A.B. asks: 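Sharing a structure, written as structure tokens. Questions coming.
Just so we're clear, the structure is a prediction, and the values are computed from it rather than from any experiment.
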Amino acid sequence: MFNFKKDRKIVQLSTIVVSIILILIAVGISVYIYPQLPNQMASHWNTQGEVDGYLNKFWGAFLMPIISLAVLILFILLPRLDPKKENLEKFSSYFNFFIVAITLFFLYMHIITLAWNIGYKINISEMMIPGLGLLIFYCGILISHAQQNWFIGIRTPWTLSSKKSWEKTHTLGGILFKLCGGLILLSALFNDKYTPLLILIPLIVSIIFLFIYSYIIYKKDRFKIF
């Protein structure tokens, strides 16, 4: 007979273990190729794939794994402080997968950054598009299943004050984020000059629209217009 609470804890533990393994892989790669890395490492590229930021060797090799670990710790601790943490448990399977997905995304970015710095002159901007597109698409899946809480989702004053505003905003938000993720993936087919537009404009417009939409639904719910 299934014990849901016990099974959920096993899944959470598995999520943490997988994420830590991914972080250790990132550290292991950095240690292995550390002698080959330049003293000043490229760490940031503009939309044209040109380097516009550098870090010293140590931070260039290990900053991303450190950030990954810090994010993992936050994902473990902050939900425990959420006043509505029981709602987080209702979509914990989607949230657990998100933790692994974002850790995997950090690992992917770490690998292509190290590859560039040891001589593989790849276009970082182009290489990050598939990973970013898939991550944004999954964010759409996650928020479409998110229950009202203070940690994950489209947290405006109105979604946190009205269950109806939360539900409708997240249903629409899930659709919009999936579309944005798809557009980011589609942008890989276009010339570089269109990439920033296809990435930034849909995301910015969607976020602004959802912010306004959550207020409209809140007002309608408050005054029982529908």
A.B. asks: Check side chain to side chain contact (heavy atoms under 4.5 Å, CB included) between I136 and all other residues, then give those that pass, not counting sequence neighbours.
C.D. replies: L132, F177, C180, I184, L203
A.B. asks: What residues, two or more places apart in sequence or in another chain, satisfy ring pair (Phe, Tyr, Trp, His ring centres under 6.0 Å) together with H145?
C.D. replies: Y94
A.B. asks: Look at the side-chain heavy atoms of Ile, Leu, Val, Met, Phe, Trp and Tyr, link any pair under 4.5 Å apart, and say whether I154 and L172 land in one connected group.
C.D. replies: yes
A.B. asks: To the nearest 0.5 angstrom, please state how far the OG atom of S165 sits from the OH atom of Y213.
C.D. replies: 8.5 Å
A.B. asks: Does N87 use its side chain to pair, donor to acceptor, with the backbone of Q147 at less than 3.5 Å?
C.D. replies: no
A.B. asks: Please answer: with hydrophobic residues joined when any side-chain heavy atoms are less than 4.5 Å apart, are I207 and Y218 in the same cluster?
C.D. replies: no
A.B. asks: With sequence neighbours excluded, what pairs up with S162 under the side chain to side chain donor-acceptor pair (under 3.5 Å) test?
C.D. replies: D221
A.B. asks: Determine, step by step, whether I216 and I212 satisfy the side-chain contact (heavy atoms from CB on, under 4.5 Å) criterion, reporting the C-alpha distance in whole Å, the side-chain angles of both residues, the deciding distance to 0.1 Å, and the verdict.
C.D. replies: CA-CA 6 Å; I216 293 172; I212 297 170; 4.0 Å; yes
A.B. asks: For K85, check side chain to side chain donor-acceptor pair (under 3.5 Å) against everything at least two apart and list the hits.
C.D. replies: none
A.B. asks: List for me each residue that meets side chain to side chain contact (heavy atoms under 4.5 Å, CB included) alongside L134, sequence neighbours excluded, and say none if there are none.
C.D. replies: L185
A.B. asks: Cut-off 3.5 Å, no hydrogens considered: what does the side-chain donor-acceptor table look like for residues 25-36, sequence neighbours left out?
C.D. replies:
| from | atom 1 | to | atom 2 | distance (Å) |
| --- | --- | --- | --- | --- |
| S30 | OG | A26 | O | 3.2 |
| S30 | OG | A61 | O | 2.5 |
| S30 | OG | H110 | NE2 | 2.7 |

A.B. asks: Going by side chain to side chain donor-acceptor pair (under 3.5 Å), name the residues that satisfy it together with D52, two or more places apart in sequence or in a different chain.
C.D. replies: H44
A.B. asks: Is there a side-chain contact (heavy atoms from CB on, under 4.5 Å) between W116 and K121 once you walk through the steps?
C.D. replies: CA-CA 5 Å; W116 196 98; K121 300 306 178 184; 3.7 Å; yes
A.B. asks: Minimum heavy-atom separation for E126 to P130, with atom names?
C.D. replies: O-CD, 3.4 Å
A.B. asks: Identify, with sequence neighbours excluded, every residue that meets side chain to side chain contact (heavy atoms under 4.5 Å, CB included) alongside F137.
C.D. replies: I141, K178
A.B. asks: Got a sec, which pairs hit side chain to side chain donor-acceptor pair (under 3.5 Å) with one end in residues 149-159, sequence neighbours left out?
C.D. replies: T156-T159, T156-S214
A.B. asks: Are I21 and F75 connected into the same hydrophobic cluster when the rule is that any two of I, L, V, M, F, W, Y join if their side-chain heavy atoms are below 4.5 Å apart?
C.D. replies: yes
A.B. asks: About how many Å separate CG of L55 and CG of N117, when rounded to the nearest 0.5 Å?
C.D. replies: 9.5 Å
A.B. asks: Looking at P202 and L183, what are the two nearest heavy atoms and their distance?
C.D. replies: CG-CD1, 3.9 Å
A.B. asks: Nearest 0.5 Å, what's the CG-CG distance between L37 and N56?
C.D. replies: 11.5 Å
A.B. asks: Enumerate donor-acceptor pairs with a distance under 3.5 Å from any side-chain N or O in residues 96-109 to protein atoms, sequence neighbours excluded.
C.D. replies:
| from | atom 1 | to | atom 2 | distance (Å) |
| --- | --- | --- | --- | --- |
| N96 | ND2 | S92 | O | 3.0 |
| T103 | OG1 | I99 | O | 2.7 |
| Y108 | OH | M127 | O | 2.4 |

A.B. asks: Got a second to check how far I112's CD1 is from N123's CG, nearest 0.5 Å?
C.D. replies: 9.5 Å
A.B. asks: Listing request: all side chain to side chain donor-acceptor pair (under 3.5 Å) pairs with a residue in residues 66-84, at least two apart in sequence or in separate chains.
C.D. replies: none
A.B. asks: For L88 versus P79, what's the shortest heavy-atom pair and its separation?
C.D. replies: CD1-CB, 3.6 Å
A.B. asks: Please tell me whether L142 and W166 are part of a single hydrophobic cluster in this structure, the criterion being side-chain heavy atoms less than 4.5 Å apart.
C.D. replies: no
A.B. asks: With rounding to the nearest 0.5 Å, note down the distance linking CG in L176 to OG in S144.
C.D. replies: 11.5 Å
A.B. asks: For S161 and P157, which heavy atoms make the closest approach, and how far apart are they?
C.D. replies: OG-O, 2.6 Å
A.B. asks: Out of curiosity, does W59 fall in the hydrophobic cluster containing M64 (side-chain heavy atoms, cut-off under 4.5 Å, transitive links)?
C.D. replies: yes
A.B. asks: Sequence neighbours left out, what passes side chain to side chain contact (heavy atoms under 4.5 Å, CB included) with L13? Give chain and number order.
C.D. replies: V17
A.B. asks: How long is the span from the CD1 atom in I124 to the CD1 atom in I129, to the nearest 0.5 Å?
C.D. replies: 11.5 Å
